[in-house]
Amino acid sequence: MQPLTNRSVQVKKRKMTLVEKLYLPAIFNGMVITMKHFFKKKVTIRYPEVQRYFAPVFRGKHVLKLDENGAERCTACGLCAVACPAEAITMIAEERLPGEEKLYREEKYAKVYDINMLRCIFCGLCEEACPKEAIFLTPETIPSMYNREDFIYHKDKLVETMDKRIDVSKRQEVGVHDPVHN
């Protein structure tokens, strides 16, 4: 078998000196590196006290938006579930009953709307696919939990309340959520 290159170096095994046998130079070099790290800026942050900076385009916790009257914007069209590459969104649509006009804007609504946060890759495709701008990814982080079931967000965790509205005006498109343009 021919060598791949004509460059070759003959390795010679030489005897170690007494200082090298005691590993003193290696220990000294290791101590120098350690001492250099003592005086460098710390990269670790003290999380609960200090919050890390997130970019304005950070995508975190999902929220289902309500309109100005408190009705759900979601019409259960299923485009968000189809657009999700991780198949993290589960939706069951149902017809609106008489007398529920104040709860839901359209004839159809999402009876069941679940997002499995363990499967979600926070890509934002559900947000882009929604024609009614009903779902948004907020800058909030997902809290850590111990049970897998706690990471399946049902409608009760996803729908915002009227007293605790989440501002997503920077992420909304002009005219989409306006009833005049629909």
Side-chain angles (χ1 to χ4, degrees), residues 37 40-94 96 100-182:
H37 284 285
K40 282 188 178 177
K41 184 181 176 200
K42 307 279 189 271
V43 294
T44 306
I45 61 169
R46 302 184 65 80
Y47 169 64
E49 296 86 24
V50 179
Q51 293 287 328
R52 182 179 295 269
Y53 168 75
F54 290 113
V57 293
F58 172 75
R59 295 185 290 254
K61 184 179 173 189
H62 297 72
V63 64
L64 286 174
K65 295 291 288 175
L66 301 174
D67 67 1
E68 298 77 30
N69 302 325
E72 288 184 20
R73 286 188 184 172
C74 180
T75 58
C77 64
L79 289 175
C80 57
V82 171
C84 182
E87 298 179 0
I89 299 174
T90 306
M91 181 186 309
I92 298 175
E94 193 167 284
R96 179 181 70 188
E100 292 182 335
E101 289 83 16
K102 288 189 172 36
L103 295 175
Y104 312 108
R105 290 182 3 167
E106 306 288 333
E107 293 80 30
K108 246 176 40 173
Y109 72 97
K111 178 183 177 185
V112 175
Y113 195 98
D114 297 339
I115 299 179
N116 187 343
M117 293 298 178
L118 296 174
R119 295 189 78 178
C120 181
I121 57 174
F122 301 96
C123 62
L125 291 177
C126 57
E127 186 178 57
E128 292 176 19
C130 185
K132 301 291 182 176
E133 288 196 340
I135 186 165
F136 282 96
L137 280 77
T138 64
E140 296 178 32
T141 57
I142 306 293
S144 58
M145 295 172 240
Y146 292 105
N147 297 327
R148 294 179 70 84
E149 294 82 28
D150 294 337
F151 283 103
I152 298 174
Y153 280 29
H154 304 290
K155 261 180 104 169
D156 58 340
K157 282 187 179 178
L158 292 171
V159 177
E160 70 176 351
T161 57
M162 286 302 285
D163 58 333
K164 237 176 132 178
R165 300 293 301 252
I166 298 170
D167 182 31
V168 290
S169 58
K170 294 177 185 166
R171 299 180 84 113
Q172 285 180 323
E173 294 182 24
V174 177
V176 175
H177 64 281
D178 210 0
V180 175
H181 292 90
N182 289 337

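These numbers were taken from a predicted model, which means no experiment stands behind them. Worth knowing before you read on, the calculation uses all heavy atoms, side chains too, and leaves out hydrogens, waters and symmetry mates.
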| message | Keeping Asn69 on the side-chain end and Ala71 on the backbone end, is there a donor-acceptor pair under 3.5 Å? | response | no
| said: With rounding to the nearest 0.5 angstrom, report the NZ to SG distance, Lys65 to Cys130. | reply: 12.0 Å
| field | Interatomic distance, Thr90 atom OG1 to Ile152 atom CD1 [nearest 0.5 angstrom] | value | 8.0 Å
| said: Rounded to the nearest 0.5 Å, what separates atom CD in Glu128 from atom SG in Cys123? | reply: 8.0 Å
| request: Can you see which heavy atom on Lys108 is nearest to which on Ala93, and at what distance? | output: CE-CB, 4.2 Å
| message | Please report the interatomic distance CD(Glu140) to CZ(Phe58), rounded to the nearest 0.5 Å. | response | 10.0 Å
| query | Of all residues at least two apart in sequence or in a different chain, which pass the salt bridge (charged side-chain N to carboxylate O under 4.0 Å, His left out) check with Glu87? | reply | none
| query | Does the side chain of Cys126 come within less than 4.5 Å of Leu137's, by heavy atoms? | reply | yes
| query | Any idea which heavy atoms bring Tyr113 and Met91 closest together, and the distance? | reply | CE1-CE, 3.2 Å
| task | Would you please name every residue forming a salt bridge (charged side-chain N to carboxylate O under 4.0 Å, His left out) with Lys155, sequence neighbours left out? | result | Glu72
| remark: Between Pro85 and Ile121, the two heavy atoms sitting closest are CG-CD1, 3.8 Å
| To the nearest 0.5 Å, how far apart are CD1 in Ile135 and CD in Glu133? | 12.0 Å
| message | Please find the pair of heavy atoms, one from Met145 and one from Phe151, that lie closest to each other, and give the distance. | response | N-CZ, 3.6 Å
| request: Mind listing the closest non-hydrogen atom pair of Pro131 and Leu79 along with its distance? | output: CD-CD1, 3.8 Å
| query | How long is the gap from SG on Cys84 to CD1 on Ile115, to the nearest 0.5 Å? | reply | 8.0 Å
| Do you know the tightest heavy-atom contact between Leu158 and Tyr153? | CD1-O, 3.7 Å
| query | What pairs with Lys157 under salt bridge (charged side-chain N to carboxylate O under 4.0 Å, His left out), at least two apart in sequence or on another chain? | reply | none
| Is any side-chain heavy atom of Tyr47 closer than 4.5 Å to a side-chain heavy atom of Arg52? | no
